[in-house]
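Remarks on the structure that follows.
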Amino acid sequence: MNLFETVTEMGHEQVLFCHGQDPDIKAIIAIHDTSLGPAMGATRLWPYATEEAALQDALRLSRGMTYKAACANIPVGGGKAVIIAHPEKKTEDLFRAYGRFVESLKGRFITGQDVNLTPEDVRKISQETKYVVGVEERSGGPAPVTAWGVFLGIKAAVEFKLYTQDLKGFSVAIQGLGNVGQNLCRHLHEQGAKLFVSDISREKTEQVKRLFGATVVEPNEIYSLDVDVLSPCALGGILNSETIPRIKAAIIAGAANNQLGVEALHSQMLAAKGILYCPDYVINAGGLINVYNEMIGYNEEKAFKQVNNIYDTLLEIFDKAQKQGITTNDASKQLAEERILKARHLKTMAAA
Ligand code: NAD
């Protein structure tokens with residue numbers, strides 16, 4: 001990889017390689033764009049096969065955070081950090097050393113919990129830096145807020161595509177009944193939607209069947225159901241050349257990150273089938289909005305109110321896509337880029 005060429009092409013401002021021998025630490029902090037505010041992005045710990053794979057992950061995910069924050073219309077930029085380590089090698093010293101690197105950026109980067117980190121690990125990082133969010137005692141877990149945003153996103157998509165605001169009798173297939181999926185089921189059930197669900201955990205499917213009268217299907221069956229909405233709330237990469245031809249739903253609207261296997265190709269395949277795709281980083285921004293509110297002094301009511309904007313943002317994106325004949329994925333990128341350019345322009349004017 002030609003490092004500076006890649007970073008320039010992707011638009012990153014700064015990439016920090018964190019290294020130490022005692023404790024042994026290898027981490028990468030990628031700051032993509034701070035035009036809108038300090039870069040926010042959770043920290044992932046993963047035993048990457050190569051250092052290049054770790055760097056690619058940090059670069060790709062931090063850029064995604066910039067778009068997510070811009071579409072959510074909150075004054076933060078995009079960042080991401082990866083610690084290259086096996087989960088079995090986690091120690092307090094490792095997290096504290098990492099926390100000192102975060103602190104050294106003096107608030108240009110604010111982080112939280114991602115894959116393989118627990119709330120306890122985040123607490124260890126926070127012993128060395130105040131630039132940490134998502135601490136459970138302060139704002140609670142983000143999942144209920146994320147689920148509320150996804151629910152509103154489904155409503156916006158149903159209004160745009162199926163011309164109604166009433167979800168009564170509409171069928172929704174939910175893949176994944178974790179923290180977000182179960183909260184989403186509750187909202188949809190309260191509105192009278194018919195639920196079809198799958199999870200690899202039988203305990204979870206039985207619970208949702210009992211609580212919300214959902215019909216349980218096998219994990220692989222979820223794609224081909226004849227439903228109005230498919231809501232991926234489990235894994236990334238599930239919208240691909242194998243699954244898209246099987247999808248009968250008119251709308252895809254779910255919480256999972258990076259749902260499109262290959263962004264350009266698979267968003268185009270969905271559009272060609274007339275399926276309305278809600279860009280994942282727009283509809284699932286509730287978690288980011290929640291931690292942003294933690295940063296400015298948590299107020300649950302205010303956080304939920306900001307999440308309500310996801311509804312209008314998605315309608316704006318659908319409209320843009322339809323008018324310009326582009327995919328919703330491209331329309332959301334355009335919206336994000338417009339907001340970033342405007343912020344840069346205002347900064348330049350203020351400095352002049
Ligand atoms: P979670 O880990 O609580 O739940 C994921 C669920 O998916 C689990 O119940 C798991 O058993 C199930 N699952 C795994 N493989 C499956 C398969 N093949 N078929 C069906 N189910 C399967 O995660 P979560 O917090 O509910 O988040 C759900 C998704 O949304 C994740 O992709 C996450 O990255 C994304 N997301 C979450 C938040 C948040 O606030 N929690 C915010 C933004 C994005």
Side-chain angles (χ1 to χ4, degrees), residues 40-44 46 57 60-61 64-65 67-69 71-72 74 78 80 112-119 122 133-136 139-154 172-188 195-209 211 214-225 230-240 242-243 246 252-261 278-294 300 303-304 306-307 310:
M40 274 184 109
T43 298
R44 171 172 293 194
W46 195 258
D57 217 19
R60 188 178 55 88
L61 293 166
M65 288 304 292
Y67 287 125
K68 185 184 269 209
C71 284
I74 53 174
K80 191 81 191 180
Q113 178 191 345
D114 195 34
V115 180
N116 283 328
L117 259 70
T118 63
V122 174
V133 286
V135 179
E136 276 196 337
S139 66
V145 192
T146 302
W148 178 243
V150 174
F151 169 70
L152 293 177
I154 290 175
V172 185
I174 297 139
Q175 178 187 48
L177 302 172
N179 294 317
V180 176
Q182 291 208 21
N183 277 294
L184 177 63
C185 284
R186 181 167 46 80
H187 294 307
L188 291 167
L195 305 182
F196 295 82
V197 297
S198 76
D199 198 291
I200 48 172
S201 151
R202 196 174 155 77
E203 197 189 328
K204 289 181 182 171
T205 53
E206 286 306 310
Q207 193 180 356
V208 170
K209 183 177 166 183
L211 290 174
T215 304
V216 178
V217 301
E218 288 302 315
N220 199 36
E221 263 181 76
I222 199 88
Y223 302 105
S224 43
L225 294 178
L230 171 64
S231 184
C233 293
L235 312 161
I238 52 98
L239 302 173
N240 53 50
E242 195 268 315
T243 57
R246 293 159 58 197
I252 295 178
N257 283 314
N258 306 319
Q259 290 170 32
L260 294 164
C278 297
D280 46 28
Y281 59 84
V282 180
I283 194 170
N284 74 13
L288 176 65
I289 293 171
N290 202 53
V291 289
Y292 163 69
N293 273 275
E294 185 188 309
E300 191 181 42
F304 271 89
Q306 275 181 2
V307 172
I310 289 177

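Just so you know, ligand 1 is whichever comes first in the structure, and atom 1 is the first atom listed for that ligand.
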To which of G287, A255, P232 does the heavy atom nearest atom 35 (C) of ligand 1 belong? A255
N257 versus K68: any side-chain heavy-atom pair under 4.5 Å? yes
Just need the protein heavy atom nearest to atom 39 (C) of ligand 1, so name the residue and atom and give the distance. T146 OG1, 3.5 Å
Look up atom CZ in F304 and atom CG in N293, then write down how far apart they are to the nearest 0.5 Å. 10.5 Å
For ligand 1, which is the ligand I care about here, please tell me if N284 has any N or O atom under 3.5 Å from one of the ligand's N or O atoms. no
Less than 4.5 Å apart, side chain to side chain, heavy atoms only: is that true for L177 and S201? no
Say whether S201, considering both its backbone and side-chain N or O atoms, lies within less than 3.5 Å of an N or O atom on ligand 1. no
Could you tell me whether a side-chain N or O of Q306 sits under 3.5 Å from a main-chain N or O of I289, the two making a donor and an acceptor? no
Considering heavy atoms of the protein only, find what lies nearest to atom 31 (C) of ligand 1 and give residue, atom and distance to 0.1 Å. A234 O, 3.6 Å
Mark up the atoms of ligand 1 that fall under 4.0 Å of a heavy atom belonging to A256, in ascending order. 29 (C), 30 (O), 32 (O), 35 (C)
With rounding to the nearest 0.5 Å, note down the distance linking CG in L235 to CD1 in I200. 7.5 Å
Would you confirm whether any non-hydrogen atom of the protein falls under 4.0 Å from atom 3 (O) of ligand 1? yes
Please confirm whether N257 comes within less than 3.5 Å of ligand 1 when only nitrogen or oxygen atoms on both sides are compared. yes
Residues two or more places apart in sequence or in another chain: which of them pass side chain to side chain contact (heavy atoms under 4.5 Å, CB included) with E218? E221
Closest approach of any protein heavy atom to atom 28 (C) of ligand 1, naming residue and atom: C233 O, 3.2 Å
Side chain, backbone, both or neither: the part of V145 lying under 4.0 Å from ligand 1 by heavy atom: neither
Nearest 0.5 angstrom please: L288 CG to T146 OG1, how far? 9.0 Å
Which atoms of ligand 1 have any heavy atom of P142 under 4.0 Å away? 40 (O)
Between the CD1 atom in I222 and the CD1 atom in I238, the distance rounded to the nearest 0.5 Å is 10.0 Å
Atom 23 (O) of ligand 1: closest protein heavy atom, distance to 0.1 Å, is N179 N, 4.6 Å
Could you check whether any side-chain N or O of S231 sits under 3.5 Å from a backbone N or O of A253, counting only pairs where one atom can act as donor and the other as acceptor? yes
Starting from atom 18 (N) of ligand 1, find the nearest protein heavy-atom neighbour and note its residue, name and distance. L235 CD1, 3.5 Å
Which residue holds the protein heavy atom closest to atom 14 (C) of ligand 1, what is that atom called, and what is the gap in Å? I200 CD1, 3.7 Å
Result of checking I310, L188, I283, V172 against F151 for side-chain contact (heavy atoms from CB on, under 4.5 Å): L188
Ignoring hydrogens and geometry, is there a side-chain-to-backbone donor-acceptor pair from D280 to Q259 under 3.5 Å? yes
Can you pull out the closest protein heavy atom to atom 41 (N) of ligand 1? Residue, atom name and distance to 0.1 Å, please. V180 CG2, 3.5 Å
What protein heavy atom is closest to atom 11 (O) of ligand 1, reported as residue, atom name and distance in Å? D199 OD1, 2.7 Å
For K204, atoms of ligand 1 separated by under 4.0 Å from a heavy atom: 8 (C), 9 (O)
Pick from P144, G178, A285: the one approaching atom 6 (C) of ligand 1 most closely through a non-hydrogen atom: G178
